[in-house]
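Letters A, B, ... are given to chains in the order of the sequence lines, protein chains preceding strands, and every chain is numbered from 1.
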Amino acid sequence: MEFYNTLSKRKETFQPGEPGRVKMYVCGPTTYNYIHLGNARALVVFDTIRRYFLYKGYDVTYVQNFTDIDDKIIKRAQELNEDPVALARRYIEEYYTDADALNVRRADVHPKVSEHIPDIIDMIERLIARGYAYVTGDGNVYFAVRKFPEYGKLSGRSLDEMRSGARVDVDPNKRDPLDFALWKAAKPGEPFWDSPWGRGRPGWHIECSAMSLKYLGTAFDIHGGGADLIFPHHENEIAQSEGATGETFARYWIHNGFITINKEKMSKSLGNIFLVRDLLDHYSPAALRLFLLGTHYRSPLDFDLDAMQAAEKAVIRLKNSLMLLREALEGRAVEEADLEGEDFAGKLEEISSRFEKGMDDDFNTALGLACWFDLAHETNSYLHRSAQPNRSLLERALQLFTDFNGILGVFPEEGGEIVLEERKVGDDLSEKLLELLIEVRQDARKQKNFALADHIRDRLKELGIILEDTPQGVRWRKA
RNA sequence: GGCGGCAUAGCCAAGUGGCUAAGGCGCGGGACUGCAAAUCCUGUAUUCCCCGGUUCAAAUCCGGGUGCCGCCUCCA
């Protein structure tokens, strides 16, 4: 298994620090609003990577933080005249609503900054003691980038290169313009915590260092996040963590690419931020997840409505195939060997190994999806040409459906089985009434009363129920 | 200005030295059907932005060009 490591700038074979275990930390959202498409991509990408490690048999420890103390939160809270900590907590709950909808599994630990202030203070003290940080007269603490010779190793920049591009609004208390805050003194009206340097709050970068080291230790396996975090956030995390511990921080760095909207960057100034919540009003979570995994995670992904509609259709194709497969297993499948199935058996194994090979090569989910569609196609084809399909072959196909979904997470699962809502109506009575209507329509068809039969079918379609007359009888599903 | 990425069919998108250039959406033909739907069969890039080079062999490597984009500032 190999994947691209931002630190070395090439693909590397993965060697876990501890055999059979993967420890990963992913930068989570700052909770001052509902999550947007960009957050969703990172969530889904890293959730999928985690699922793949689990599939490969690793014992995965997955940590994802919430930044619940931050300038943006404070600003938003002041606008809404709300307590910042309460506001952040509210949006953490909203985060779970959206992440759950996207079938993103919960992390093993979801640490919050507000609950780790002592760890952060402790780490800053260590940095000061080791000469990597200094306190200014106004109660701020800064990290001295010049003291860390390897500064820039992740983002591939040197301090001198960056100096020319440095901003003008340099704090005169900083020794170097690129020094960054570890602790910020509280201004009036801002939330604060007591510290050896007075009342204040942590800078943005220190939280991830303190929390990842707390839960995963030094030299943990994978640190992930969006590509925009490479600099300065992750660069600073490395400087702080390696400065404080004298040991390697994270061994592999994985970064997902950005989402653009109609080829433009998604940004507040352009007013084109898409919230997951709003998208889910129009598209299924399955389609959104499939859309996000249809492009390699490091490539830019352009969002547009046509692509989402295509994804929605593609999801239906997978669903239909799974339903056909399950119906055959519940009905006409037989134990006897089937000559038609010889070719199918080989195809299944070929698809399975191609899927795994693709995922082993830098998590190629686009190829994985293609394999899934091949699986659907081969399954449909077999079911089409064989009147009495072989049960064990169908069970193997179903196993692959379950495996692929277990990794890509397109459909929700329960007890290891894919859950489709297609065959459920509100309650028993509705279901019986639907069956009655289907019966009436079948009678009409027998009497060649096609006007009535079509009327029933059309009206049901308006109600979101699609009828299909197949050689095996009438099937129905939700639109 | 510095650093980096990308250019593959109508659209989206895999593939990074050699079998007929994956897959999805769309579109065309056929089968099935009372008609649909679903599904199956089948067609849909003589070619991978342009020019030059390396090689027996390149979409895939090298050089040049053109176009698009990202980061360097809070940001997934």
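For A/F180 and B/U73, the CZ to P distance is 14 Å, given to the nearest whole Å. Regarding A/H255, its NE2 atom lies at a distance of 19 Å from the P atom of B/G70, rounded to whole Å. Going from atom CZ of A/R41 over to atom P of B/C75 covers 19 Å, rounded to whole Å. Here the C1' atom of nucleotide B/C71 and the CZ atom of A/R298 are 16 Å apart, to the nearest Å. In this structure, the CG atom of A/N256 is 17 Å from the P atom of B/G5, given to the nearest Å. Atom CG in A/L293 sits roughly 17 Å away from atom P in B/G24 (whole-Å rounding). Remark: C1' of B/G15 and NZ of A/K357 are 11 Å apart, rounded to the nearest angstrom. Distance A/F274 CZ to B/C75 C1': 18 Å, rounded to the nearest Å.
Under the Watson-Crick or G-U wobble criterion, with both distances below 3.5 Å, B/U39 is paired with B/A31. Remark: B/G26 base-pairs with B/U44; criterion is Watson-Crick or G-U wobble with both hydrogen-bond distances under 3.5 Å. When both distances must be under 3.5 Å, the Watson-Crick or G-U wobble mate of B/C56 is B/G18. When both distances must be under 3.5 Å, the Watson-Crick or G-U wobble mate of B/A7 is B/U66. Shown here, B/G1 forms a base pair with B/C72; the pair counts as Watson-Crick or G-U wobble because both key distances fall under 3.5 Å.
Counting only distance, with no hydrogens or angles, the side chain of A/R157 and the backbone of A/G152 share no donor-acceptor pair below 3.5 Å.
A salt bridge links A/R354 with A/D374; the closest basic N to acidic carboxylate O contact falls under 4.0 Å. Salt-bridge annotation for A/E94 and A/R277: present, with a side-chain N of the basic residue lying under 4.0 Å from a carboxylate O of the acidic one. Ion pair A/K75/A/D70 not flagged as a salt bridge, since none of the NZ, NE, NH1 or NH2 atoms sits closer than 4.0 Å to an Asp/Glu carboxylate oxygen. A salt bridge links A/R289 with A/D47: the distance from a Lys NZ or Arg NE/NH1/NH2 to an Asp or Glu carboxylate oxygen falls below 4.0 Å.
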Report, one pair per line, the protein and nucleotides 6-14 of chain B atoms (nitrogen or oxygen only) whose separation is under 3.5 Å.
{"residue": "B/A14", "atom": "OP1", "partner": "A/H296", "partner atom": "N", "Å": "2.7"}
{"residue": "B/A14", "atom": "O3'", "partner": "A/N364", "partner atom": "ND2", "Å": "2.9"}

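A distance of about 43 Å separates the C1' atoms of B/A58 and B/A38, rounded to the whole Å. Across B/G67 and B/C50, the matching C1' atoms stand 11 Å from one another, rounded to whole Å. Nucleotides B/U33 and B/G24 are separated by 27 Å at their C1' atoms, to the nearest Å. Separation of the P atoms belonging to B/G64 and B/C12 is 29 Å when rounded to the nearest angstrom. Between the P atoms of B/A21 and B/U44, the separation comes to 11 Å (whole Å). Rounded to whole Å, the separation between the C1' atoms of B/A9 and B/C25 comes to 13 Å. When the C1' atom is used for both B/G2 and B/G23, the distance is 39 Å, rounded to whole Å. Rounded to whole Å, the separation between the P atoms of B/C62 and B/U20 comes to 26 Å.
Within the nucleic acid shown, A/F373 comes within 4.0 Å of sugar-phosphate atoms alone, with no base atom in reach, counting heavy atoms only. Nucleic acid contact for A/I259: base, since at least one base atom lies under 4.0 Å from a heavy atom of the residue. Within the nucleic acid shown, A/G38 comes within 4.0 Å of at least one base atom, counting heavy atoms only.
Along RNA chain B, the nucleotide nearest to A/A310 and the one nearest to A/T30 differ in position, and the one closer to the 5' end is contacted by A/A310. Residue-to-nucleotide proximity on RNA chain B shows that, of A/Q309 and A/Y32, the 5′-proximal contact is made by A/Q309.
Side-chain contact, A/N39 with A/Y95: no donor N or O sits under 3.5 Å from an acceptor N or O. Using modelled atom types and a 3.5 Å distance limit, the side chains of A/E356 and A/Y55 yield a donor-acceptor pair. The closest side-chain donor-acceptor pair between A/S381 and A/R385 falls under 3.5 angstrom. A donor-acceptor pair shorter than 3.5 Å can be found between the side chains of A/H255 and A/H234.
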Nucleotides 31-45 of chain B: protein proximity per nucleotide (B base, S sugar-phosphate only, - neither; heavy atom, under 4.0 Å): ---BBBBSSSS----
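If you run ring-ring contact (aromatic ring centres under 6.0 Å, His included) between A/F53 and each of A/Y252, A/F46, A/F14, only A/F14 comes through.
Judged by distance alone, with hydrogens and angles left aside, A/K265 brings a side-chain donor or acceptor within reach of the base of B/C75, the pair sitting under 3.5 Å.
Looking only at side-chain heavy atoms (C-beta outward), A/Y297 and A/T365 stay at 4.5 Å or farther from each other.
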